[in-house]
Amino acid sequence: LKLFHRSHNQSVKAVVSTQSTGKFVKRISSQVKCFKAGFNDIIPLRSLAVFDENELEYLMCGITQIDVEDWCTYTEFKGGYSATHHVVVWFWKAVRSFDNEFRARLLQFVTGTSRVPMNGFRELQGSNGPQKFCIEKWGSNQDLPRAHTCFNRIDLPPYNDYHTLREKLRVAVECTGGFDID
């Protein structure tokens, strides 16, 4: 039964991979090929190979100053958290303690982009249109925070102290590796 389950999961992953490649890659391959050729005329692609996607975004777009007060103002809470809950207060204390580059990385971890919209956080977009930044209570003290970029939401465990929250947040942002289908 375990072998069947593993084999079934591998089959599902293969189907999903094949379908997504067809829908998201092959359908636009000729346009991507033309874009890459034109882009390569301006900036040789081999010059960009030393950067990962996050570094490349910073290089191309720069890092704007992130207004933490604006970020706080346009944040919503779920799962029992509120603006005055001690874990949320520690979260903003940690955000304020980080330099602007790390704030941008945190923003990218949660929203998928390191950039603040032109008119501030009130115009933050999710997968279905306008979507405020959200902090939701989830997990236990041992868990790392996790992010749902489509919903601009960070699932923040109810840590027992500020230093644990700050360190777990730092590790989550620095050690993120994208997403998986599992």
Side-chain angles (χ1 to χ4, degrees), residues 5-6 8-9 12-13 15-17 19-20 23-24 52-55 57-58 61 63-182:
H5 182 69
R6 182 178 301 140
H8 176 71
N9 284 345
V12 169
K13 281 185 179 183
V15 169
V16 169
S17 177
Q19 291 293 318
S20 60
K23 288 184 187 270
F24 298 114
D52 67 22
E53 68 275 8
N54 298 329
E55 293 167 330
E57 182 182 3
Y58 295 147
C61 302
I63 299 174
T64 59
Q65 194 63 29
I66 294 175
D67 182 346
V68 178
E69 298 314 312
D70 184 54
W71 196 351
C72 291
T73 299
Y74 294 100
T75 295
E76 61 185 21
F77 308 95
K78 293 183 178 178
Y81 280 158
S82 68
T84 58
H85 191 283
H86 66 275
V87 173
V88 173
V89 171
W90 292 338
F91 173 82
W92 293 120
K93 179 179 177 182
V95 171
R96 286 181 183 92
S97 77
F98 297 138
D99 63 21
N100 201 61
E101 179 183 353
F102 196 84
R103 289 178 192 160
R105 291 176 65 196
L106 171 62
L107 184 62
Q108 185 169 45
F109 171 70
V110 181
T111 67
T113 181
S114 61
R115 307 282 295 175
V116 177
M118 187 170 64
N119 292 318
F121 282 91
R122 73 177 167 269
E123 292 189 357
L124 198 59
Q125 296 291 309
S127 60
N128 295 320
Q131 181 77 52
K132 285 185 177 183
F133 186 87
C134 180
I135 301 173
E136 183 164 358
K137 186 176 186 179
W138 165 86
S140 72
N141 199 43
Q142 290 75 39
D143 294 316
L144 289 173
R146 65 183 186 184
H148 303 274
T149 56
C150 291
F151 306 108
N152 298 332
R153 187 178 84 218
I154 185 169
D155 291 344
L156 190 63
Y159 296 115
N160 296 325
D161 62 86
Y162 166 75
H163 297 291
T164 301
L165 179 145
R166 188 179 190 283
E167 181 60 15
K168 297 267 188 171
L169 189 58
R170 187 192 62 75
V171 168
V173 170
E174 288 182 352
C175 297
T176 188
F179 65 91
D180 194 2
I181 299 173
D182 283 339

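- In this structure, CG on Leu165 lies 9.5 Å from CG on Asn141, to the nearest 0.5 angstrom.
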- Dump the intermediate steps for side chain to side chain contact (heavy atoms under 4.5 Å, CB included) on Ile154 and Leu169, then the final yes or no. CA-CA 10 Å; Ile154 185 169; Leu169 189 58; 3.8 Å; yes
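- Listed by chain and number, the residues in a ring pair (Phe, Tyr, Trp, His ring centres under 6.0 Å) with Trp138 amount to none (sequence neighbours excluded).
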- Item | Residue pair Lys168, Tyr159: steps toward the side chain to side chain contact (heavy atoms under 4.5 Å, CB included) verdict | CA-CA 9 Å; Lys168 297 267 188 171; Tyr159 296 115; 3.4 Å; yes
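- Between Thr75 and Phe91 there is no side-chain heavy-atom pair separated by less than 4.5 Å.
- Under the 4.5 Å side-chain criterion, counting only non-hydrogen atoms from C-beta, Cys72 is in contact with Arg96.
- To the nearest 0.5 Å, the span separating CZ on Phe121 from CZ on Phe133 amounts to 7.5 Å.
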- Show your reasoning for whether side chain to side chain contact (heavy atoms under 4.5 Å, CB included) applies to Tyr74 and Leu124. CA-CA 9 Å; Tyr74 294 100; Leu124 198 59; over 6 Å; no
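- By the 6.0 Å and 45° rule, Lys93 stacks over the aromatic ring of Tyr162.
- Within the 4.5 Å cutoff, the side chain of Lys137 has no heavy atoms near those of the Val87 side chain.
- When only modelled atom types and interatomic distance are considered, Thr84 and Ser82 share a side-chain donor-acceptor pair under 3.5 Å.
- Leu156 contributes atom CG, which lies 14.5 Å from atom NZ of Lys78 (distance to the nearest 0.5 angstrom).
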- Would you sort out whether Gln131 and Glu76 count as a side chain to side chain contact (heavy atoms under 4.5 Å, CB included), showing the intermediate values? CA-CA 10 Å; Gln131 181 77 52; Glu76 61 185 21; 4.0 Å; yes
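- Residues passing the ring pair (Phe, Tyr, Trp, His ring centres under 6.0 Å) test with Phe102, sequence neighbours excluded: Phe98.
- One distance of note links CD1 of Ile135 with CG of Asn152; it measures 12.0 Å at 0.5 Å rounding.
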